[in-house]
Amino acid sequence: MISMKINGVSRQFHGDPDMPLLWYVRDELGLTGTKFGCGAALCGACTMHVDGEAVRSCVTAVSEADGSEVTTIEGLDAEGNHPVQRAWRAHNVPQCGYCQSGQIMSAAALLNENPDPSDEEIVDGMAGNICRCGTYQRIFAAVRTAAQEV
Amino acid sequence: MLGVQNISRRTFLKSAGVTGALVLGANVTTGSMIGTARGQSNGSSVKPNLFVEIADDGTVTITCSRSEMGQGVRTGIPMILADEMEADWQRVKIWQAPGDETKYDPAGKDAQNTDGSRSTRHHFDVMRELGAAGRYVLEQAAAKKWGVDASEVYAKDHRLYHTGTGQWFDFGEVVDAAADIAVPTGDAAPRLKDQSQWKYIGRDMPVVDNYDMSTGGATYGADISVPGMKIAVVARPPVYRGKAKSFDATEALKVQGVEQVIEIPALSDAMPAQFRALGGIAVIGTNTWSVMEGRDRLVIEWEDGPNVRHDSGTYNDELMASARAGGLVIRDRGNVDEALGSAAQVMEAEYFVPYFIHTPMEPPVALVDATQMPVKIVSSTQAPNETRQYVAEALGIEKTDVECQVTLLGGGFGRKSKPDFACEAAILSANIGAPVRVQWTREDEIRHGYYHAASAHTLKAGLVEEGNVTAWHHSGAWPSLISLWNPVQRTGHPLEFGLGLIDTPYNQVPNIRIENGETDAMIRVGWYRSVNNIQHAFAMNCFANELAEAAGRHPVEFLLELIGDADVMDLTADGVEGHWNYGDAIEDWPIMPKRLSNVLRVVAEKSGYGKSLPAGHGLGVACHRSFHSYVGCAVHVVVREDGSLHIPQVDMAIDCGRYVNPEGVRKQMEGAAIYGHSVAMHGQITTTQGAVDQSNFHDYTITRMDDAPLDVRVHIVEDYTHLRPCGVGEPGVPPYTPALVNAIYQATGKRIRRLPIGDQLESA
Ligand code: FES
Ligand code: FES
C-alpha cells in the first residue's frame with residue numbers, strides 16, 4: 001500500500017504502483033485541475049509539487065510519491081490567492097487556460113526555490129512548459145510581478 | 001432581421017434560488033431568411049433563441065453560444081449585449097449554450113460552428129439588438145411600476161432611473177412587472193445606444209474565466225465524468241484509410257483496469273472520411289493509464305491500403321512539379337506572358353510549406369452516453385451541431401435525438417471542428433452499453449489528425465527598367481481539404497483560393513495570373529488556424545522582398561507601391577467569378593488595399609524600419625489580409641554565430657474594423673506571433689510509407705518561452721472603426737513568418753524558401 005498526503009489530505013492507494021500520479025489524481029481522486037498534455041514529460045501541463053518540488057506527474061509513478069506531500073493546483077492556496085495566481089489574473093494571462101495549472105505550479109516552485117530570479121532564470125525555469133496559445137509574454141511578466149511579492 | 005420576444009413564462013434557464021426571472025429570446029420564425037438558410041421546413045412556429053435572463057436578485061445571465069478556445073469569446077460576445085442593456089458587468093454571469101442551432105444561432109449564419117474567426121462579426125449586430133430589447137423591457141417595467149410614461153425612464157449601470165425625481169430601481173426589482181411586456185419590432189424596435197454611450201465595447205476587459213483558469217477550476221472535455229463511465233483509447237491504422245486485418249488482445253486484457261478490447265469497424269471504402277470515425281481497436285477500462293498501457297500491449301496486423309505510397313520524400317517533389325505545371329487559371333488580369341516577354345528582368349522563385357498539425361494543448365476528447373435517448377455528448381468541440389449530426393449518423397439515429405454539451409476547449413485551432421473522436425465514443429458506448437470517454441493521447445493527435453495542407457509555390461515576376469513590376473505569376477499546388485468529401489478531388493477549391501491567393505493584394509500590378517496545379521490527397525487534410533493564408537502570405541511577401549532587392553528599392557516603399565491605396569480591389573474586374581470571401585458578401589467586407597497599406601505603414605514606423613542595425617540583426621516586414629482583417633508585422637531578429645535566433649521585438653498592426661475587447665485583440669496578436677514562430681521555425685509533419693513520422697513534442701516542436709518573442713507590441717489601427725467587425729483569432733499568424741524570413745535575409749543574406757527554418761541557418 002502506498003500512502004501520501006494530497007493537498008493536506010491523507011490518501012491510501014492500493015492499485016498498480018507504476019500508475020503515474022497524474023492519472024491517480026485525475027481518474028481516481030477526481031481532482032481535474034491538473035492536465036494531460038503529452039504523457040512524456042515534454043509539456044508541463046501535468047506539473048504538481050511533490051515535497052515542494054515541481055514534478056511532471058505524467059511520468060512520476062505513484063510509488064515515487066510514497067510518503068510524500070503532494071500539492072496540486074487545487075491545493076496551492078485555499079482561496080486561489082497565491083501570489084502567482086494573483087499575478088496571473090493581474091496580467092490577464094490565460095487564453096484557453098489549459099496549460100495554466102501547470103504553468104502556475106512551475107512558476108510557484110521556481111519562486112519558492114529562487115525568490116528573485118533574473119530574466120534568464122525565469123525563461124530557463126519556465127521553458128519546460130508549453131503554451132500552445134502563446135501566452136509566454138504575459139507569463140514572463142506575471143512571474144516577475146509575483147517575484148516582487150513572495 | 002429578427003424580433004425579440006419576452007419569454008419569461010418559460011423556464012429554459014431556471015436559476016437556483018431565484019423566484020422570478022425575466023427571460024428574453026430572439027424569435028426566428030421558420031421560413032424566414034434565417035430558417036431557410038438552415039434548410040428548415042415550413043410552418044409558422046416560433047423558436048425562441050435564449051440569450052439573456054434577468055433574475056429578481058438582479059443577476060443577469062447571458063448565453064454564450066460559441067465555443068471558448070482561448071480567443072475570448074465568452075467575454076467578448078456577452079460584453080456587447082451587457083453594454084447595450086446597461087448591465088453592470090460585475091453582476092453578469094455567462095451560461096454556455098449546448099448545441100442547438102434552432103435556438104442558439106441568432107444570426108442564422110454558422111450553426112454555432114466556432115471557426116473562421118467569425119463570432120464577433122456575425123454576432124455584433126444581433127447581440128446589440130438583444131441587449132437593447134432587454135433594456136427596453138426593463139425601462140417599460142419601471143415605468144409601469146411608477147405609473148409614468150416610459151419616455152421618462154432610462155437604464156444606466158444596472159439601474160432604472162426616473163428623470164423627473166431621480167428615483168431608481170435595481171434591474172432585479174422590476175422583474176415582476178416585466179413579464180408581460182412585448183418587445184416591438186420593425187421601425188418601433190428598441191433603439192440602439194449611440195456609440196458615444198458605449199461603456200464596454202472598445203474597452204479592455206479581463207476574460208470571465210480568469211479565476212477558474214488560475215485555480216484549476218475551469219472545466220475542459222476530460223474533466224466531466226458520469227456514473228458507470230468507461231475510458232477508452234483507440235489504436236488507429238497508421239496509414240490513412242488503412243484497416244485492422246487481425247489483432248490479439250491477450251496481453252492487453254491482462255493489464256489491471258482494462259476490461260474490454262473491441263474493434264471499431266473501418267469506415268467502408270465507399271464513404272468519404274469527412275468527420276467520421278475511421279476505425280481501429282479500442283481498449284476500454286476504468287483508468288486512462290490502464291487503457292494506454294493495454295493499448296501498448298495489443299498486437300495488430302494492419303492492411304495499409306493505397307496511401308502507403310504517400311512518402312514526403314517523393315510527394316514534396318511531385319507537389320513542386322505540379323505547381324510548376326499549374327493548369328487551372330483562377331485569376332487572369334492583363335497579359336502576363338506578354339509582360340514577362342517584354343520585361344527587362346524576369347525573377348523566379350519557389351517556396352515550400354510542409355504539413356502541420358494543430359497540437360491544441362488539450363488533445364481531442366469526448367464523452368458519449370448512448371445507452372439512453374436522447375444520446376448525450378460532452379465534448380470540447382468547436383462544432384456542437386456537427387458533432388450531433390455525425391454521432392447521429394454513426395448510431396443510425398436522428399440528430400434531434402442527440403444532445404451536445406460544450407465544455408471549455410483547451411485550444412482548438414480547427415482540430416475540434418471535426419468530431420471523429422465523438423463518433424468513436426458513440427460507437428463504443430452503444431456497443432458496450434455504458435457511457436464512454438474516448439481520450440486521445442498526444443501521439444494520436446499528431447499521427448491521426450487532419451493536416452494543414454503541404455503546398456508548393458512557383459512565383460515569377462517581370463520588372464522593367466525603372467524597377468516596377470509589370471507581371472506577377474503565382475502558381476500553387478496542395479492537396480485540397482475538399483478531399484474529405486470528394487476523395488478524388490485533385491484541384492483546390494474556391495474556398496481555398498479565397499484564403500489569400502486569388503485575392504493577392506498587389507493591385508497596382510497590371511498583369512496578374514494565378515494558377516493551381518493538381519495533386520492527390522493521401523492523408524486527411526483539414527483547416528488549421530489561418531489555413532492556406534499561411535503559405536500564401538509567406539510566398540508572396542517573401543517574393544516581393546526578393547523583387548525589391550533585385551530592383552534596388554526600399555522594401556517597404558516597394559511593397560506599398562505593389563498594393564497601392566485604392567479603396568477597393570474588385571476581383572470581378574479580373575474576370576473572377578464566385579470568389580469565396582470567407583462566406584460573407586463582398587459588399588459588406590470588401591478587399592481594401594488602402595487598409596493593407598495602412599497597417600504596413602504603421603508597423604514600418606513603429607518598428608523604426610530603416611534604422612541602422614548592428615551586424616547579425618535584421619528587421620523584416622510583411623502584411624496580409626485574411627478573415628477580412630488587415631495585419632502588418634515587423635520582426636526584429638538577431639542571428640547568432642551558431643545560426644540560432646533571438647527575437648528582441650515584434651510589432652503587429654491590426655485593422656480589424658470594429659473591435660469589442662482590445663485586450664482580447666492584443667492577446668490574440670501576441671499569441672499569433674508565437675504560433676507563427678512555431679510555424680516558421682519548427683512546424684513539419686512528414687510521412688514515410690503513408691505513416692506520419694512525428695509523434696510527440698520531442699519531434700514535433702512547439703515554440704517554448706526560450707525561443708519565443710517576448711516583446712510583441714500590438715498596434716490596433718482605429719482609422720476605420722466605422723466599418724464592420726472583422727476576424728481576430730486567425731489573421732495575426734500569416735504575416736509573421738514572411739516578416740521573420742525577410743528579417744533573416746537582412747541579417748544574414750540567406751533566403752529561406754522552404755519551411756520550417758529549422759537548422760537551415762546553422763550552415764549560413
Ligand atoms: S503531460 Fe506531463 S509533461 Fe506533458
Ligand atoms: S493558454 Fe492555451 S495552452 Fe496556454
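Letters go in sequence order (proteins before strands), and every chain restarts at 1.
- Both the backbone and the side chain of B:Met361 come within less than 4.5 Å of a heavy atom of chain A.
- With a 4.5 angstrom heavy-atom cutoff, B:Ser225 does not touch chain A via any of its atoms.
- Seen from the ring of A:Tyr136, B:Arg704 does not count as a face-on cation partner, given the 6.0 Å and 45° thresholds.
- Checked options A:Asp124, A:Val123, A:Asn129; the residue passing with B:Met705 is A:Val123 (criterion: side-chain contact (heavy atoms from CB on, under 4.5 Å)).
- The residue among A:Pro94, A:Gly80, A:Ser101, A:Gly33 with the most heavy atom pairs within less than 4.5 Å of chain B is A:Pro94.
- A donor-acceptor pair is defined here as one N or O able to donate and one able to accept, closer than 3.5 Å; no such pair exists between the side chain of B:Arg442 and the backbone of A:Phe36.
- Atom SG of A:Cys131 sits about 7.5 Å away from atom CD1 of B:Ile674, to the nearest 0.5 Å.
- Among the candidates B:Gly217, B:Pro363, B:Ala218, B:Gly72, the residue making the largest number of heavy-atom pairs closer than 4.5 Å to chain A is B:Pro363.
- Chain B forms the most heavy-atom pairs under 4.5 Å with one residue out of A:Pro20, A:Ala45, A:Cys99, and that residue is A:Pro20.
- For the set B:Gln71, B:Gln256, B:Arg529, the entry with the most heavy-atom pairs within less than 4.5 Å of chain A is B:Gln256.
- Between A:Arg26 and B:Thr288, every side-chain heavy-atom pair lies at or beyond the 4.5 Å cut-off.
- Salt bridge status for A:Arg138 with B:Glu670: present, with a side-chain N to carboxylate O gap under 4.0 Å.
- Of all the heavy atoms in B:Val712 and A:Gln137, the pair that sits closest is N-OE1, 2.8 Å.
- In this structure, no portion of A:Leu76 lies under 4.5 Å from any heavy atom of chain B.
- Looking at A:Arg132, its side chain never comes within 3.5 Å of a backbone N or O of B:Phe413 through a donor-acceptor pair.
- You'll find the side chain of A:Leu22 stays beyond 4.5 Å of the side chain of B:Trp289, heavy atoms only.
- For A:Glu149, the CD atom counts as densely surrounded, since its 6.0 Å shell holds more than 12 non-hydrogen atoms of other residues, nucleotides or ligands.
- Residue B:Met205 touches chain A through its backbone alone, counting heavy-atom pairs closer than 4.5 Å.
- Looking at A:Glu120, neither its backbone nor its side chain comes within 4.5 Å of chain B, counting heavy atoms on both sides.
- For B:Thr219, no part lies near chain A; criterion is any non-hydrogen pair under 4.5 Å.
- B:Glu445 does not touch chain A: none of its heavy atoms, backbone or side chain, sits under 4.5 Å away.
- Within the 4.5 angstrom heavy-atom criterion, no atom of B:Arg74 approaches chain A.
- Contacts of B:Ile446 with chain A are absent, with no heavy-atom separation under 4.5 Å from either backbone or side chain.
- Scanning all heavy atoms of the two residues, the minimum distance from A:Tyr98 to B:Tyr220 falls at N-OH, 3.4 Å.
- Only the side chain of B:Glu443 comes within less than 4.5 Å of a heavy atom in chain A; its backbone stays farther off.
- When atom types are taken as modelled, the side chain of B:Glu362 and the backbone of A:Gly37 share no donor-acceptor pair closer than 3.5 angstrom.
- Looking at A:Val84, there are no atoms closer than 4.5 Å to chain B (heavy atoms on both sides), in backbone or side chain.
- For B:Ala222, the parts sitting under 4.5 Å from any heavy atom of chain A are the backbone and the side chain alike.
- What you find for A:Ala40 and B:Asn696 is that their closest heavy atoms are CB-ND2, 3.9 Å.
- The closest donor-acceptor contact from the side chain of A:Gln100 to the backbone of B:Ser214 lies at 3.5 Å or more, if one exists at all.
- By number of non-hydrogen pairs under 4.5 angstrom with chain B, the leading residue of A:Gly134, A:Cys96, A:Gly97 is A:Cys96.
- Of all the heavy atoms in B:His698 and A:Leu42, the pair that sits closest is N-CD1, 3.7 Å.
- For chain A, the nearby part of B:Leu409 is the backbone; its heavy atoms alone come within less than 4.5 Å.
- Here the CE atom belonging to B:Met229 is positioned 7.0 Å from the CG atom belonging to A:Asp27, to the nearest 0.5 angstrom.
- A donor-acceptor pair under 3.5 Å is formed between the side chain of A:Gln95 and the backbone N or O of B:Lys667.
- The shortest distance between side-chain heavy atoms of A:Ile104 and B:Met213 does not fall below 4.5 Å.
- Put simply, the side chain of A:Arg89 reaches to within 4.5 Å of the side chain of B:Thr215, judged on heavy atoms.
- Residue B:Leu710 touches chain A through both its backbone and its side chain, counting heavy-atom pairs closer than 4.5 Å.
- Residues A:Asn92 and B:Glu663 bring a donor and an acceptor atom of their side chains to less than 3.5 Å of each other.
- Heavy atoms closer than 4.5 Å to chain A are found nowhere in B:His677, neither backbone nor side chain.
- Listed options B:Asp711, B:Val207, B:Asp223 were ranked by heavy-atom pairs under 4.5 angstrom with chain A; first place goes to B:Asp223.
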